[in-house]
Structure formats: C-alpha cells, structure tokens
Amino acid sequence: MDEARAREILAAAGLPAGGARLLALGENAVFAVDGLVVKVGRSAELFERAGREVALAGWLAEAGVPAVRAAEKEPRLVEGHPLTFWHPLPEAVRPAEPRDLAPLLRAVHALPEPADLALPRRELLGGVERWLRLAGDAIDPADAAFLRERRDAFAPAAAALVPHLPPGPIHGDALPRNVQVGPDGPVLMDLETFSSDLREHDLVVLALSRDRYGLDPAAYDAFTRAYGWDVREWEGCAVLRGARETASCAWVAQHAPHNPKALAEFERRVASLRDGDPEVRWYPF
C-alpha cells in the first residue's frame, strides 16, 4: 500500500482524501484529516489487531497511563483495510528523548493483565513471512531465505529465555518516535504491538538503537538510569537483539517494491547480518 492507495481508501470511507495530510507511512498510513488522526492498515488480516489497539487505548486511559485516545470505539473495514480514528495530540514542545520513554515504560510494566482484554504474546518474528511476501520479487530470494533461516533459529531460542523482570504487558516497539512530549509531558503512541510477554522486549529496543542506529550512549545511559536497569546486563539480551534485528530487516523489505532507498537499506542490513558484524550502522526507515 502506497500513499495513493491509502488516499483512495480514505475517499472510500467518505473522508476528504485530498485535504488529508500524511503523517507517516509504515506499517500503517497515518493521516491528519477532519480534525482527527486516521490510521489505514495494510490488509484485512490486521483488523483484529486494530480493534485490540482501540480497546487498549481505553484500558490505558482507565489505568491513568498517558497515551493516545481513540475517537471511535471500533475500527472500520474499508475495501479490505482497517481504519482506526484517534484524537490528535497537542503540538510537541520538543522532540522526545529516550529518558522520556522510561517513565512511560515503568508505568506500563507496573500494570497487571487487563481483565477484559486478552493480550497476545509479542510475536517479534511473526510478521517476517508477511513482510517478505509483500517484498516479492523486489528482493533477492537468497536474502529472503537467509532471513527465514534466522527466524527459525531465533524463535525457539527466544521462547526458552528466562526473564529477569516479571512478565506482563509491554508496549512492544518502545522507541522515542512512539512518544510525543506535549505541554503536559510525554504521551505514549502507536499501541498496535502491545503484548503480554517478557518486559525485556521493551528494553532491548533501545539497546539495539545504541549499537545499530547511532543513539548517543549518553542518551541511552539516561534512559537506563530513569528506568532503573540496563537490559544489557541480562544474559538473554543477545537472543532478543538477534530476533529483533531479523524482524527489522524483514520489515524494511515490504517497502522495497516502491522505494529504492528501502531496498538499499534492506540490503545493507542483510549484508551486515551475513557478515556477523554487530556494529554496521543501520538507518531508521
């Protein structure tokens, strides 16, 4: 799904697609339109997840966790694509930093399981096959096969990990880009990967950002001080890191058919994994 197709879906939903402003194009196409934020999912198979994301927003509101709030209680299915509607957040007062994420994660990690909402496990590698399928012939079949082999190796290793923290609700994609710092403080966004699993999943994300994406080590240290623990001290860290690297490569692949820069980044990432080089710089996409 490219921007043009996403706008067609907005129009089919009766929204003014021509006046919509694109905010992001990744797993979803996200638009500002008619005073709301509308997320357009890539396929009908994501409809259940979209419904869970909306329900999660209500649960977090009841728990007092600062997070995005849904404007409609149920997603819509339009031409095979799930649409969810959200209240816009106030304008950011500054860019979010890793230290802004820490108190939000502490609040989420203190929550018990929701009583009326079943959270899935964090299927970190669950999207690999779908993303590679979406990439199609745009990527080298040998690269796709390599990532499938990595997925099949890391999946049982991750399932066998012994956690340091008590398992429970997690955000699932804990990055500063999923936080907005408004006049009342940091707010958590993008709830679609919320899960119930090892809390370490949320912490490995920034450890990988430090090592792969150029996150300032001082900013990482500020995050660990604010959270109260450094996941790199845990012996399972390397396994979760390897699983996340595999998933991150496959995620970029889905954009390769329409974006040459995505293909170049995909190839960079796969080459670094093949070479076993943990310090090759990756670039956010």
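All values below were derived from every heavy atom in this structure, side-chain atoms included, with hydrogens, water molecules and symmetry-related copies excluded.
The main-chain N or O of Tyr227 is found under 3.5 Å from a side-chain atom of Arg106 such that the two form a donor-acceptor pair. Remark: the backbone N or O of His109 is paired with a side-chain donor or acceptor of Arg199 at under 3.5 angstrom. Although no hydrogens or angles enter the test, the distance criterion places no donor-acceptor pair under 3.5 Å between the side chain of Glu200 and the main chain of Cys237. Here the side chain of Gln254 pairs a donor or acceptor atom with the backbone of Trp251 at under 3.5 angstrom. Judged purely by atom type and a 3.5 angstrom limit, Asp34 has no side-chain atom pairing as donor or acceptor with the backbone of Leu36.
A 4.5 Å side-chain heavy-atom check between Leu147 and Trp131 finds every atom pair outside the cut-off. Residues Arg210 and Pro98 form no side-chain contact, since every pair of their non-hydrogen atoms from C-beta on lies 4.5 Å or further apart. With contacts defined as side-chain heavy-atom distances shorter than 4.5 Å, the pair Leu60/Arg69 qualifies. Pro186 places none of its side-chain heavy atoms less than 4.5 Å from the side chain of Leu101. Within the 4.5 Å cutoff, no side-chain heavy atoms of Thr84 are placed close to those of Val38. Side chains of Leu56 and Leu119 form a contact here, defined as non-hydrogen atoms less than 4.5 Å apart. Counting heavy atoms from C-beta outward, Glu245 and Arg241 have side chains that approach closer than 4.5 Å. Between Asp230 and Tyr220, the closest side-chain pair of non-hydrogen atoms falls below 4.5 Å.
Across all their heavy atoms, Val33 and Ala20 have their closest contact at CB-CB, 3.9 Å. Counting all heavy atoms, side chain and backbone alike, Val93 lies closest to Pro183 at CG1-N, 3.8 Å. The heavy-atom pair separating Leu206 from Pro176 by the smallest distance is CD2-CD, 3.8 Å. Shown here for Gly41 and Asn28, the closest heavy-atom pair between the two residues is CA-OD1, 3.4 Å. The shortest non-hydrogen separation linking Ile139 to Ala144 is CD1-CB, 4.0 Å. Residues Leu104 and Pro66 approach most closely at CD2-O, 3.8 Å, considering heavy atoms.
Listed by chain and residue number, His171 satisfy the ring-ring contact (aromatic ring centres under 6.0 Å, His included) test with Phe194 (two or more places apart in sequence, or in another chain). For the side-chain hydrogen bond (donor to acceptor under 3.5 Å, both in side chains) test, no residue two or more places apart in sequence or in another chain qualifies with Gln180. The ring-ring contact (aromatic ring centres under 6.0 Å, His included) test applied to His164 returns Trp229, not counting sequence neighbours. The side-chain hydrogen bond (donor to acceptor under 3.5 Å, both in side chains) check on Arg76 picks up Glu72, with sequence neighbours excluded. Applying the side chain to side chain contact (heavy atoms under 4.5 Å, CB included) criterion to Ala11, with sequence neighbours excluded, gives Ala17. For Arg225, there are no side-chain hydrogen bond (donor to acceptor under 3.5 Å, both in side chains) partners two or more places apart in sequence or in a different chain. A search for salt bridge (Lys or Arg N to Asp or Glu O under 4.0 Å) contacts involving Glu265 returns Arg268, Arg269, not counting sequence neighbours. Residues passing the side-chain hydrogen bond (donor to acceptor under 3.5 Å, both in side chains) test with Trp234, sequence neighbours excluded: none.
Within 6.0 Å of CD on Glu48 lie no more than 12 heavy atoms contributed by other residues, nucleotides or ligands. Heavy atoms from other residues, nucleotides or ligands lying under 6.0 Å from CD of Glu45 number more than 12. The number of heavy-atom neighbours closer than 6.0 Å to CG of Asp275, taken from other residues, nucleotides and ligands shown, is above 12. Other residues, nucleotides and ligands contribute over 12 non-hydrogen atoms within 6.0 Å of the CZ atom of Arg274. Environment of CD in Glu233: crowded, with over 12 heavy atoms of neighbouring residues, nucleotides or ligands closer than 6.0 Å.
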What donor-acceptor contacts under 3.5 angstrom involve side-chain atoms of residues 277-285, with partners at least two apart or in another chain?
unit_1, atom_1, unit_2, atom_2, d
Asp277, OD1, Glu279, N, 3.0
Arg281, NE, Tyr213, O, 3.2
Arg281, NH2, Tyr213, O, 3.1
Trp282, NE1, Ser272, OG, 3.0

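Val204 and Leu273 fall within the same hydrophobic cluster, where Ile, Leu, Val, Met, Phe, Trp and Tyr residues are linked whenever their side-chain heavy atoms come under 4.5 Å apart, directly or through other members. Following chains of ILVMFWY side-chain contacts shorter than 4.5 Å, one cannot reach Met189 starting from Leu46, and the two form parts of different hydrophobic clusters. Cluster membership check: Leu134 does not share its hydrophobic cluster with Leu132, using side-chain heavy-atom separations under 4.5 Å among Ile, Leu, Val, Met, Phe, Trp and Tyr. Note: the hydrophobic cluster containing Leu263 also contains Phe146 (ILVMFWY, side chain heavy atoms under 4.5 Å, direct or indirect links).
Note on residues 172-181: pairs passing salt bridge (charged side-chain N to carboxylate O under 4.0 Å, His left out), not counting sequence neighbours, are Asp173-Arg177, Asp173-Arg244. Screening residues 6-26 for salt bridge (charged side-chain N to carboxylate O under 4.0 Å, His left out) gives Glu3-Arg7, Arg5-Glu8 as the qualifying pairs, with residues at least two apart or on separate chains.
Grouping Ile, Leu, Val, Met, Phe, Trp and Tyr by side-chain contacts under 4.5 Å, direct or through others, puts Phe47 with Leu77.
Between Asp211 and Arg232 no salt bridge is recorded (no basic side-chain N to carboxylate O distance below 4.0 Å).
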